[in-house]
Amino acid sequence: MERETRVRFAPSPTGYLHVGGARTALFNYLFARNTGGKFILRIEDTDLERSSEEAMRDILQGLRWLGLEWDEGPQVGGDRGPYFQTERIDLYTAYMNQLEREGLAYRCYCTTEELSAERERAAAEGREYKYNEKCRRLAPNEREQRSRAGTPSVLRFAMTPGTTIVDDMVRGRVSFDNALLDDFVIVKSDGMATYNFAVVVDDALMGITHVIRGEDHLSNTPRQILLYKALGFALPRFAHIPLIMGADRTRLSKRHGATAVTSYRDQGILPQAMINFLALLGWGYGDKQLFDMAELCELFSIERVNKNPAVFDTDKLEWMNGQYIRAMNIDDLYQVGFPYLLQAGLVSEEPDEGMIMKCKEALRLVQDRLRYLSEIPDLTVFFFERPDGYEPEAADKWFARSETAIRFEKMVSGLQSMALFNVEAVETLIRNSASMEGIKAGELIHPLRLALTGRKASPGIFETMELIGRDECVIRLQKAVEFIREHL
RNA sequence: GGCGCUGUCGUCUAGCGGUUAGGACAUCGCCCUUUCACGGCGAAGAUCGCGGGUUCGAAUCCCGCCAGCGUCACCA
């Protein structure tokens with residue numbers, strides 16, 4: 001029996017959850033579910049300067065919204081914690097002492113000023129900068145003296161010659177010459193472990209079997225492998241997934257538009273659409289495009305992850321979101337759509353039964369037209385409010401003749417004398433009046449739509465009229481008559 | 001610049017020595033239709049980054065080049 005797979009998503013809470021991070025989290029999650037393993041969330045909050053509580057909340061919320069529930073981590077616990085790096089300092093200390101004791105790492109007393117001066121010199125001479133290993137060659141008594149004097153220091157890893165191979169699940173075997181890696185810092189002068197050191201200790205202690213992360217970490221991997229070996233830890237498998245880029249093929253950033261998961265949520269992207277879209281950025285399964293979470297969990301595999309970076313193109317996301325919106329039943333659509341109606345002030349916080357029915361009916365009528373939930377208010381206002389004007393180009397076209405006003409007046413009396421006011425009856429009335437006038441139905445319908453909705457486009461006019469209601473239709477027609485006469 | 005990764009329609013991709021290089025989004029056209037959408041049908045769009053090989057045959061294998069990206073911190 002194979003050991004249970006354990007993967008992790010390890011964000012640093014220095015900003016909101018962005019789509020790239022969400023995609024990394026998703027791949028980890030899918031791998032865990034596919035292999036019956038565990039998905040762990042660990043917070044890399046060692047950068048006290050930039051970490052914030054707010055960013056943490058955004059990340060956790062974002063993951064939850066996407067349905068990427070973690071098995072171990074903040075808020076859920078687990079027996080391989082703590083899950084915040086700032087609470088794991090004692091662990092790092094123990095291992096850094098071990099490395100120093102074994103001579104695999106050494107204290108370096110060089111100051112930041114010395115180092116940056118050295119760096120500048122290297123740059124000026126067009127030379128490759130690499131730490132000069134000055135402190136590695138410190139005489140024992142000198143070392144002893146500085147240590148006793150309490151001179152500030154960092155701990156550096158003592159690089160050994162050779163070649164380090166990263167056997168990557170998506171990229172294959174990638175080799176690095178250790179000579180190009182220098183004696184990197186593993187403990188900062190404030191005693192905190194650096195990223196490369198902390199990540200190794202944490203992944204090893206948490207029993208992480210597969211490290212699935214962005215390709216930007218590939219060049220860090222040889223250092224980490226060397227650390228695993230120095231610490232006597234078993235190596236996990238690595239899988240470096242391609243980066244997500246903007247339309248200009250540079251790494252996706254804010255200037256490419258929205259990158260925050262929450263901003264897509266707020267625009268009314270459904271989490272299942274976001275998941276589906278993200279999954280297809282770097283992974284695919286034949287010609288199939290639409291996958292729900294259960295299918296993704298079942299079908300996902302690292303072998304099908306491709307190597308080339310993908311451009312984040314929201315056209316497909318929008319289409320997908322439309323697909324998911326159309327697949328919803330009305331009650332669910334109401335659940336997710338209500339907040340948008342509320343925010344637009346079209347409904348009150350606690351609508352009565354009748355209003356709920358009206359909302360649902362309105363949603364039913366616009367369901368096929370939606371790509372974002374945030375489009376709901378604009379597409380449905382006129383069901384809730386009398387239009388406060390008419391689209392000018394449409395008005396020029398349909399409200400330019402006096403016959404229209406006369407026809408509207410006839411329509412008003414027609415509506416008032418109807419026994420039953422419903423879709424069928426309204427349609428019959430309108431088609432009959434059109435043929436009695438000797439015009440095509442469309443010639444009546446277009447002005448009618450404009451009068452009732454203020455728009456040149458709307459859901460089917462008969463359904464629209466039924467939902468607006470007879471009395472309100474009459475009022476709006478009368479208003480239109482006034483408008484036409486005033487503007488002739 | 002060093003090191004590393006990547007390179008098939010505008011975009012996401014299928015392809016793993018023999019295909020008219022397939023699909024999806026987007027685009028365009030037609031149909032449906034009272035409008036806008038949805039839906040259906042169809043079109044256009046890739047000399048597979050470029051150049052050499054290997055082979056009867058290469059997008060697929062090999063080499064070189066070019067381009068893009070990533071990374072080179074006491075940041076993660």
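Order of the sequence lines fixes the chain letters, A, B, ..., with proteins taken first and strands second; residue numbering starts at 1 for each chain.
- Put simply, A/Asn306 has a side-chain N or O that comes within less than 4.0 Å of OP1 or OP2 on B/U13.
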ring-ring contact (aromatic ring centres under 6.0 Å, His included) for A/Phe291 and A/Trp283? Distances and angles first, verdict last. CA-CA 12 Å; A/Phe291 300 87; A/Trp283 177 87; 5.4 Å; yes
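- Residues of residues 168-184 of chain A having a heavy atom closer than 4.0 Å to RNA chain B, listed by number: A/Arg171, A/Val174, A/Ser175, A/Phe176, A/Leu180.
- The phosphate of B/C75 has OP1 or OP2 within less than 4.0 Å of a side-chain N or O from A/Lys188.
- Of the two residues near RNA chain B, A/Glu128 and A/Trp283, the one whose nearest nucleotide lies more 5' is A/Glu128.
- When all heavy atoms are compared, the tightest approach of A/Ile165 to A/Ile225 is O-CD1, 3.6 Å.
- When the P atom of B/U34 is taken as reference, atom CG of A/Leu450 falls 18 Å away, rounded to whole Å.
- Within the 4.0 angstrom heavy-atom criterion, no nucleotide atom of any strand lies near A/Arg213.
- Nearest to the side chain of A/Asp315, among B/U35, B/C12, B/A26, sits B/A26.
- Comparing A/Gly460 and A/Arg50 along RNA chain B, the residue whose closest nucleotide (by nearest heavy atom) sits nearer the 5' end is A/Gly460.
- No engagement by A/Ser116 is indicated, since no non-hydrogen atom pair under 4.0 Å with the nucleic acid exists.
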Under-3.5 Å N/O pairs linking protein and nucleotides 64-71 of chain B:
{"from": "B/G70", "atom 1": "O3'", "to": "A/Arg251", "atom 2": "NH1", "distance (Å)": "3.3"}
{"from": "B/U71", "atom 1": "OP1", "to": "A/Arg251", "atom 2": "NH1", "distance (Å)": "2.6"}
{"from": "B/U71", "atom 1": "O4'", "to": "A/Ser219", "atom 2": "OG", "distance (Å)": "3.3"}
{"from": "B/U71", "atom 1": "O2'", "to": "A/Ser219", "atom 2": "OG", "distance (Å)": "3.1"}

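- Comparing the same atom, C1', in B/C72 and in B/A14 gives a spacing of 36 Å after rounding to whole Å.
- Atom pair A/Phe312:CZ and B/C12:C1' shows a separation of 12 Å (rounding to whole Å applied).
- Minimum interatomic distance between A/Gln98 and A/Leu231 (heavy atoms only, all atoms of both residues): NE2-O, 3.7 Å.
- With a 6.0 Å radius and a threshold of 12 heavy atoms from other residues, nucleotides or ligands, A/Lys288 has its NZ atom above the threshold.
- For A/Glu215 and A/Arg171, the salt-bridge test passes: some basic side-chain N is under 4.0 Å from an acidic carboxylate O.
- Considering only side-chain N and O atoms, A/Arg455 lies nowhere under 4.0 angstrom from the phosphate OP1 or OP2 of B/U34.
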Residue pair A/Phe27, A/His210: steps toward the ring-ring contact (aromatic ring centres under 6.0 Å, His included) verdict: CA-CA 11 Å; A/Phe27 280 19; A/His210 300 259; over 10 Å; no
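- With sequence neighbours excluded, no residue satisfies side-chain hydrogen bond (donor to acceptor under 3.5 Å, both in side chains) with A/Gln272.
- Aromatic ring pairs are classed by plane angle as parallel below 30°, tilted from 30° to 60° and perpendicular above 60°; the pair A/Tyr264 and A/Phe312 is perpendicular.
- The gap from the P atom of B/U33 to that of B/C28 amounts to 23 Å, rounded to the nearest Å.
- Atoms CD (A/Glu391) and P (B/U35) sit 16 Å apart, rounded to a whole Å.
- A/Glu118 places its CD atom 13 Å from the P atom of B/A73, with the value rounded to the nearest Å.
- Taking a pair to require two hydrogen-bonding distances under 3.5 Å in either a Watson-Crick or a G-U wobble arrangement, B/U71 pairs with B/G2.
- Looking at A/Arg369, its side chain comes within 3.5 Å of the base of B/C36 through a donor and an acceptor atom.
- Checking B/C65 for Watson-Crick or G-U wobble geometry (two distances, each under 3.5 Å) identifies B/G49 as its partner.
- The minimum heavy-atom distance between A/Ala273 and A/Asn321, with the atom names listed, is CB-OD1, 3.3 Å.
- Ion pair A/Arg364/A/Glu361 flagged as a salt bridge, since at least one NZ, NE, NH1 or NH2 atom sits closer than 4.0 Å to an Asp/Glu carboxylate oxygen.
- Remark: the separation of the C1' atoms in B/U60 and B/A46 is 16 Å, to the nearest Å.
- When the shell of 6.0 Å around CD of A/Glu298 is examined, it contains 12 or fewer heavy atoms from other residues, nucleotides or ligands.
- For B/C32 and B/G40, the C1' atoms lie 8 Å apart once the distance is rounded to whole Å.
- In this structure the side chain of A/Val305 reaches within 4.5 angstrom of the side chain of A/Phe300, judged on heavy atoms.
- Taking atom CZ of A/Arg119 as the reference point, atom P of B/G1 lies 20 Å away to the nearest angstrom.
- Less than 4.0 Å separates RNA chain B from at least one heavy atom of each of the following residues of residues 433-447 of chain A: A/Ile445, A/His446.
- If you take atom P in B/U13 and the same atom in B/A58, they sit 27 Å apart, rounded to whole Å.
- Of all non-hydrogen atoms in A/Arg251 and A/Asp216, the two that sit nearest each other are NH2-OD2, 2.8 Å.
- For the pair A/Asn276 and A/Gln289, the tightest heavy-atom approach, listed with the atom from each and the gap, is ND2-O, 3.0 Å.
- Atom C1' of B/G70 sits at a distance of 26 Å from the matching atom of B/G51, rounded to the whole Å.
- One atom, CG of A/Leu299, and another, P of B/A14, lie 15 Å apart when rounded to the nearest Å.
- Using Watson-Crick or G-U wobble geometry with both donor-acceptor distances under 3.5 Å, B/C25 finds its partner in B/G10.
- The side chain of A/Arg304 sits closest to B/G15 out of B/G23, B/G15, B/U34.
- Set against B/C74, B/U34, B/C38, the side chain of A/Ile461 has B/U34 as its closest nucleotide.
- A gap of 34 Å separates the C1' atoms of B/G10 and B/G2, to the nearest Å.
- Remark: A/Asp182 does not engage A/Arg136 in a salt bridge, criterion side-chain N to carboxylate O under 4.0 Å.
- Rounded to whole Å, the C1' atom of B/G18 lies 15 Å from the corresponding atom of B/C61.
- In the region residues 284-291 of chain A, proximity to RNA chain B at under 4.0 angstrom, judged on heavy atoms, holds for A/Asp287, A/Gln289.
- Counting only residues at least two apart or on different chains, no ring-ring contact (aromatic ring centres under 6.0 Å, His included) pair has a member in residues 361-382 of chain A.
- Candidate nucleotides B/A26, B/U35, B/A76 were compared by shortest atom distance to the side chain of A/Ser12, and B/A76 ranks first.
- A/Phe421 approaches A/Gly469 most closely through the heavy-atom pair CE2-C, 3.8 Å.
- Distances from the side chain of A/Thr194 to the nucleotides B/C74, B/U34, B/U8 place B/C74 closest.
- Regarding A/Asn276, its CG atom lies at a distance of 15 Å from the P atom of B/A24, rounded to whole Å.
- Look at B/C16: it lacks any Watson-Crick or wobble partner with both distances under 3.5 angstrom.
- Across all strands shown, B/U33 remains unpaired; no Watson-Crick or G-U wobble contact has both distances below 3.5 Å.
- Across the protein-nucleic acid pair, A/Tyr372 atom OH and B/A37 atom P stand 16 Å apart, rounded to whole Å.
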